[in-house]
Amino acid sequence: MKEFKIAPIRNGTVIDHIAAGQALNVLKILGVNESNIGSTISVAIRVQSKKEMGWKDVIKVEDRELDPATVDKIALIAPDATIVIIRDYYIAEKFNVALADHITGLARCSNPDCITNKGEPVEPEFDVVNRRPPTLKCSYCDRILTRISDNLL
């Protein structure tokens, strides 16, 4: 049987240990669409994980390093993800994403009557009530947000 591997990248970011099936949501966070792809992006969906007995998704993005706000958004939908920064084909940095206890300005409340959705100058804020799977509670209306990927800003 022939095995296909994803080619190494010279410079960029590898997002590993994404929960199986969440790679497309991570691409959405990265703002990737057909009109703004300037570098190679490799996506592996539902591949065998050596770390855990199970499945994972992996994304490699050439020529891009992620800013902290993007990493924080990824933590909301892939709390076990690992970020690897590659420079000249070598690992320059490697770290796990961290889901904070309190989230501000990364997602919107799903309650249309929440003050954060009424045009007021109020930034959405959430408390993390569960980490696996991530579940948020609005600090203003107490709405529980479970479909976080649908409400990312």
Side-chain angles (χ1 to χ4, degrees), residues 6 9 11-47 49 51-87 91-153:
I6 297 175
I9 57 176
N11 296 301
T13 302
V14 177
I15 308 165
D16 197 0
H17 303 289
I18 301 167
Q22 290 294 323
L24 298 178
N25 287 325
V26 172
L27 287 175
K28 189 166 82 171
I29 290 169
L30 297 176
V32 173
N33 62 51
E34 65 278 354
S35 64
N36 69 357
I37 299 174
S39 296
T40 301
I41 298 172
S42 302
V43 180
I45 297 176
R46 197 165 161 73
V47 296
S49 175
K51 192 174 181 181
E52 304 97 23
M53 297 304 290
W55 305 95
K56 67 178 180 176
D57 293 352
V58 181
I59 297 175
K60 289 185 176 186
V61 183
E62 272 196 295
D63 301 323
R64 180 169 175 192
E65 292 187 17
L66 306 181
D67 60 83
T70 302
V71 172
D72 289 345
K73 282 185 184 180
I74 292 170
L76 287 171
I77 62 165
D80 296 318
T82 302
I83 307 294
V84 182
I85 306 299
I86 307 293
R87 296 188 187 119
I91 296 173
E93 296 175 50
K94 182 176 182 177
F95 59 92
N96 295 324
V97 298
L99 185 57
D101 293 331
H102 191 77
I103 308 296
T104 302
L106 298 178
R108 69 177 158 272
C109 183
S110 60
N111 179 0
D113 293 325
C114 182
I115 191 168
T116 61
N117 292 319
K118 294 293 188 181
E120 298 292 330
V122 179
E123 197 167 31
E125 293 183 32
F126 298 90
D127 290 314
V128 175
V129 294
N130 194 12
R131 294 184 180 283
R132 288 184 181 50
T135 306
L136 307 178
K137 182 172 98 171
C138 179
S139 298
Y140 296 100
C141 72
D142 293 333
R143 169 75 60 103
I144 299 296
L145 185 63
T146 54
R147 294 186 51 95
I148 297 169
S149 62
D150 293 342
N151 293 287
L152 291 173
L153 294 174

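Bear in mind the structure is a predicted one, so any value in this text is a computation, not a measurement. All heavy atoms count here, side chains included; hydrogens, waters and symmetry mates do not.
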Problem - Of all pairs that satisfy salt bridge (Lys or Arg N to Asp or Glu O under 4.0 Å), the ones with a partner from residues 12-24, not counting sequence neighbours - result: D16-K56

Exercise for the section: Mark yes when over 12 heavy atoms from residues, nucleotides or ligands other than R147 sit less than 6.0 Å from its CZ; otherwise mark no. Expected result: no

Exercise for the section: Under the salt bridge (charged side-chain N to carboxylate O under 4.0 Å, His left out) rule, collect the residues that match up with D63, sequence neighbours excluded. Expected result: none

Completion exercise
The side-chain hydrogen bond (donor to acceptor under 3.5 Å, both in side chains) partners of T104 (sequence neighbours excluded) come to none

Completion exercise
Taken in chain and number order and not counting sequence neighbours, the residues that satisfy side-chain contact (heavy atoms from CB on, under 4.5 Å) with A44 are I6, V47, V58

Handout entry: Spatial distance of atom CG (D80) from atom CZ (R132) [nearest 0.5 Å]
Key = 4.0 Å

Practice task
Rounded to the nearest 0.5 Å, what's the gap from CG on D113 to NZ on K118? Could you check?
Solution key: 4.5 Å

Handout entry: Donor-acceptor pair, side chain of D57 and main chain of Q22, under 3.5 angstrom
Key = yes

Practice task
Would you mind reporting whether L30 and L66 have side-chain heavy atoms less than 4.5 Å apart?
Solution key: yes

Practice task
Heavy atoms only: give me the nearest A23-I59 pair and the separation to one decimal.
Solution key: O-CD1, 3.5 Å

Practice task
Please answer whether the main-chain N or O of F126 pairs with a side-chain N or O of H102 as donor and acceptor at a distance below 3.5 Å.
Solution key: yes

Handout entry: Pairwise side-chain contact, V32 with V61, heavy-atom cut-off 4.5 Å (strictly under)
Key = no

Problem - All side-chain contact (heavy atoms from CB on, under 4.5 Å) counterparts of N151, not counting sequence neighbours - result: R108, S110, L145

Problem - Set of salt bridge (charged side-chain N to carboxylate O under 4.0 Å, His left out) partners for D101, sequence neighbours left out - result: R131

Exercise for the section: With sequence neighbours excluded, tell me which residues meet side-chain contact (heavy atoms from CB on, under 4.5 Å) with T146. Expected result: T135, I144

Handout entry: T40 side chain near I9 side chain, heavy-atom distance below 4.5 Å
Key = no

Problem - Sequence-distant partners of R46, side-chain hydrogen bond (donor to acceptor under 3.5 Å, both in side chains), two or more places apart - result: none

Exercise for the section: Scan residues 23-32 for pairs that pass salt bridge (Lys or Arg N to Asp or Glu O under 4.0 Å), counting only residues two or more places apart or in two chains. Expected result: none

Practice task
Kindly write out the residues that satisfy side-chain contact (heavy atoms from CB on, under 4.5 Å) with S149, not counting sequence neighbours, or none if the list is empty.
Solution key: N25, I77

Exercise for the section: Without swapping roles, check the side chain of N117 against the backbone of N111 for a donor-acceptor pair under 3.5 Å. Expected result: yes

Exercise for the section: With sequence neighbours left out, write down each residue that passes salt bridge (charged side-chain N to carboxylate O under 4.0 Å, His left out) with R87, or none if nothing qualifies. Expected result: E65, E93

Exercise for the section: Would you indicate whether the side-chain heavy atoms of V97 and I15 approach each other to under 4.5 Å? Expected result: no

Practice task
List in chain and number order the residues that pass side-chain hydrogen bond (donor to acceptor under 3.5 Å, both in side chains) with T82, two or more places apart in sequence or in another chain; answer none if no residue qualifies.
Solution key: N96

